[in-house]
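Remarks on the structure that follows.
The model shown is predicted, which means the values in this text are computed figures rather than measured ones. Excluded from the calculations below are hydrogen atoms, water molecules and symmetry mates; all remaining heavy atoms, backbone and side chain alike, are included.
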Amino acid sequence: MNLARLDLNLVVALRALLEERNVTRAGQRVGLSQPAMSAALARLRRHFDDDLLARVGGHYELTALGQVLLHRTATACEVMERLFASQAEFDPGSETREFKIVASDYAVAVFGAELARIVHEEAPGIRLRFAQTPPGVVDDTATLLSTTDGLFMPHGVISDFPATDLYGDRWVFLVAEGNPAVGDRLTREDLGRLPWVTYQRTYDAPAVRQLGMLGIEPRVEVSVDSFQLLPLLVQGTRRITLVQERLARLLAPLAAVRVVEPPYEAVPLREALWWHPVHTHDAAHIWLRETCARVGARMDGAPPGADA
């Protein structure tokens, strides 16, 4: 496809038409008259060789191709907005901008809260929006990163994108206080016989893979879509759970649980900020990455790591 031969204004018109499913409302949304929007729809139909919008009774419905394009046009518009919002210079003290970061509730609690505090102090016009990591992040990382400013994710899950190291963490177990099935320490036999609470996202794979390599098959009794709920689902039960130490120390006072060391050398965890290459030379994004690295280094008590 030769982009030089395309009118990219049609992308905006296409998104409005597919989302509104009405020519008049779509025109009002993008500032075009009804005849102008009808002409844009005709051009789009010729280009795709498809009606896109099909009249059914007194209203329009999307064709099969229209359904496919509905999500793609939204993604394309977000990419173009971020592309043309790029800046050569950025003054955090006076700029007004929102950064969208995809992260687990663990990363927001352990790192995002401190990042937000620093941003509030140093850049009062900057807004941070944290969005929950979707289940399919590993399957379509490029699309996710193209529509956000960054992703908090440990090393070992995704690759082939630029990243900045943030901080280190380690895996520990939580058990209920007074759990009669667990003494001062866990054994590998305990891990196989006791019921588990697990975080159900698929990208928790590194820790899960290690258990499999050790011949340990967790007997999962409860799975949950939040790291922060794990202690509450352990207290008062015989269940155990694997959780990041920083989060465990943060949440342990809120539930009747205690931290227990793994009965094996658990793989370390290194959290990073990942981003799409389109952001690499954007001054505002450079400031965001440097700020994240500085906050992470303060947590680690070590000099900031370089971009990976």
Side-chain angles (χ1 to χ4, degrees), residues 1-86 97-104 127 129-151 153 157-161 200-203 205 223 225 274-280 282 285:
M1 181 63 63
N2 184 358
L3 290 178
R5 299 176 57 187
L6 296 177
D7 180 359
L8 296 184
N9 288 319
L10 289 175
V11 178
V12 178
L14 177 60
R15 182 182 186 183
L17 286 163
L18 296 179
E19 292 182 353
E20 298 293 342
R21 304 184 189 189
N22 180 281
V23 175
T24 301
R25 288 200 304 269
Q28 293 172 344
R29 174 170 161 176
V30 300
L32 292 178
S33 65
Q34 195 273 344
M37 183 55 79
S38 294
L41 176 58
R43 292 179 62 187
L44 289 164
R45 283 170 166 168
R46 287 195 299 271
H47 174 80
F48 289 106
D49 192 22
D50 187 271
D51 284 342
L52 303 178
L53 295 172
R55 183 176 290 279
V56 178
H59 65 282
Y60 283 100
E61 292 186 0
L62 300 183
T63 64
L65 179 59
Q67 292 284 359
V68 171
L69 295 175
L70 179 63
H71 173 71
R72 292 183 179 179
T73 52
T75 300
C77 287
E78 287 189 48
V79 172
M80 289 193 296
E81 288 169 1
R82 293 181 182 277
L83 175 64
F84 287 101
S86 300
R97 173 168 173 166
E98 179 180 89
F99 289 102
K100 178 184 176 183
I101 300 174
V102 176
S104 68
R127 303 182 307 279
R129 178 158 61 98
F130 294 109
Q132 181 72 11
T133 310
V137 60
V138 177
D139 301 323
D140 199 5
T141 308
T143 297
L144 176 68
L145 291 180
S146 69
T147 58
T148 62
D149 292 294
L151 167 68
M153 178 72 68
V157 181
I158 62 174
S159 59
D160 299 326
F161 290 94
Q200 64 185 26
R201 299 289 193 184
T202 56
Y203 58 76
S223 62
D225 193 15
W274 303 80
W275 71 90
H276 195 281
V278 72
H279 301 308
T280 297
D282 175 31
H285 201 275

Who passes side chain to side chain donor-acceptor pair (under 3.5 Å) against Q28, sequence neighbours left out?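 Partners of Q28 by the side chain to side chain donor-acceptor pair (under 3.5 Å) criterion come out as none, since no residue qualifies.
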Find out whether [X] and [Y] are in side-chain contact, i.e. whether some heavy atom of one side chain is under 4.5 Å from a heavy atom of the other.
| X | Y | answer |
| --- | --- | --- |
| I101 | L151 | no |
| L14 | H47 | no |
| V102 | P134 | yes |

Provide the closest heavy-atom pair for [X] versus [Y] in the form atom of the first, atom of the second, distance.
| X | Y | answer |
| --- | --- | --- |
| A40 | L10 | CB-CD2, 4.0 Å |
| V30 | A16 | CG1-CB, 3.8 Å |
| G66 | L18 | O-CD1, 3.9 Å |
| D225 | Q132 | O-NE2, 4.0 Å |

Does A142 have any side-chain contact (heavy atoms from CB on, under 4.5 Å) partners at least two apart in sequence or in another chain, and if so, which?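 A142 satisfies side-chain contact (heavy atoms from CB on, under 4.5 Å) with F161 once adjacent residues are dropped.
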Name all residues meeting the side-chain contact (heavy atoms from CB on, under 4.5 Å) criterion together with V23; count only those two or more places apart in sequence or in a different chain, and write none if there are none.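 Once residues adjacent in sequence are excluded, the partners of V23 under the side-chain contact (heavy atoms from CB on, under 4.5 Å) criterion are L17, Q34, M37, S38, L41.
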Sequence neighbours left out, what pairs pass salt bridge (Lys or Arg N to Asp or Glu O under 4.0 Å) with at least one residue falling in residues 45-60?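 Every pair satisfying salt bridge (Lys or Arg N to Asp or Glu O under 4.0 Å) with a residue in residues 45-60: there are none.
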Going by salt bridge (Lys or Arg N to Asp or Glu O under 4.0 Å), name the pairs with one or both residues in residues 24-42, residues two or more places apart or in two chains.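 Sorted result for residues 24-42: E19-R29, E20-R25, E20-R29.
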To the nearest 0.5 Å, tell me how far [X] [atom1] sits from [Y] [atom2].
| X | Y | atom1 | atom2 | result |
| --- | --- | --- | --- | --- |
| H276 | T143 | NE2 | OG1 | 8.0 Å |
| T147 | K100 | OG1 | NZ | 5.5 Å |
| S159 | W274 | OG | CH2 | 6.5 Å |
| L52 | L62 | CG | CG | 8.5 Å |
| H71 | R15 | NE2 | CZ | 11.0 Å |
| L145 | W275 | CG | CH2 | 10.5 Å |

Test of understanding: with salt bridge (Lys or Arg N to Asp or Glu O under 4.0 Å), list the residues that count as partners of R43, not counting sequence neighbours. D7
Side-chain (H279) to main-chain (T148) donor-acceptor, under 3.5 angstrom: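 Yes, the answer is positive, given that a donor and an acceptor are paired below the 3.5 Å cut-off.
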